[in-house]
Amino acid sequence: MEKLLTVPQVCAFLQVKRGLIYKWVHYGFVPHIKLGRSVRFKQSDLEKWVNEKVKKGRKGYKLPPQKLLARESSLNLVPK
């Protein structure tokens with residue numbers, strides 16, 4: 001059986017504050033296990049959950065050429 005993580009261990013793993021972990025548990029946002037009043041987490045479940053949260057960016061989103069050029073010139077990417 002996989003070792004279960006405590007809330008302080010999950011805080012260190014995810015680099016978030018303790019209160020946020022408890023809020024996520026309360027709303028069922030993060031995978032967890034309740035043992036009486038204690039909350040525990042499987043590291044493999046957390047890693048899978050984090051990987052599902054990775055954003056890949058928009059698919060098929062393209063700016064019209066004139067807006068793209070205006071954006072690039074405002075960022076000083078287009079030589080003058």
Side-chain angles (χ1 to χ4, degrees):
M1 184 168 132
E2 184 178 355
K3 182 180 174 184
L4 299 176
L5 302 177
T6 62
V7 171
Q9 291 170 324
V10 173
C11 290
F13 177 70
L14 297 177
Q15 299 179 0
V16 297
K17 294 188 178 188
R18 182 178 168 182
L20 185 58
I21 296 294
Y22 283 116
K23 187 182 286 188
W24 286 348
V25 167
H26 176 77
Y27 289 108
F29 186 63
V30 65
H32 62 281
I33 300 167
K34 293 278 287 202
L35 300 171
R37 294 179 65 187
S38 300
V39 180
R40 297 292 184 264
F41 307 84
K42 284 185 178 180
Q43 186 167 348
S44 61
D45 288 347
L46 288 175
E47 289 171 352
K48 181 180 174 187
W49 176 74
V50 167
N51 288 331
E52 290 172 356
K53 298 294 175 194
V54 173
K55 297 237 178 183
K56 305 265 194 274
R58 291 183 175 180
K59 292 183 179 179
Y61 179 74
K62 294 183 181 178
L63 285 174
Q66 62 274 22
K67 288 195 177 192
L68 185 59
L69 287 175
R71 175 181 274 177
E72 289 175 351
S73 63
S74 69
L75 296 174
N76 297 322
L77 298 177
V78 176
K80 294 181 179 181

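We use all heavy atoms of the structure for the numbers below, so side chains are in, but hydrogens, waters and symmetry mates are not. All residue numbers refer to positions in the sequence shown, counting from 1.
- We find the CD-NZ distance between Glu47 and Lys42 to be 13.0 Å, quoted to the nearest 0.5 Å.
- Heavy atoms of other residues, nucleotides or ligands lying less than 6.0 angstrom from NZ of Lys53 number more than 12.
- Taking hydrophobic clusters as Ile, Leu, Val, Met, Phe, Trp and Tyr residues chained together by side-chain heavy-atom distances below 4.5 Å, Leu46 does not share a cluster with Leu4.
- Between Cys11 and Arg18, the shortest heavy-atom contact is SG-CA, 3.4 Å.
- The CH2 atom of Trp49 lies 4.0 Å from the CH2 atom of Trp24; values are rounded to the nearest 0.5 Å.
- Contact between Val7 and Val39 at its shortest, heavy atoms only, is CG2-O, 4.3 Å.
- In terms of modelled atom types and a separation under 3.5 Å, the side chain of Gln43 and the main chain of Leu5 share no donor-acceptor contact.
- For the atom pair CZ (Phe13) and OG1 (Thr6), the distance works out to 13.0 Å, reported to the nearest 0.5 Å.
- Nearest heavy atom pair, residue Gly28 against residue His32, reads CA-CE1, 4.4 Å.
- Neither Leu14 nor Ile33 shares a network with the other; the hydrophobic side chains, linked directly or stepwise wherever heavy atoms of I, L, V, M, F, W or Y lie under 4.5 Å apart, form separate groups for each.
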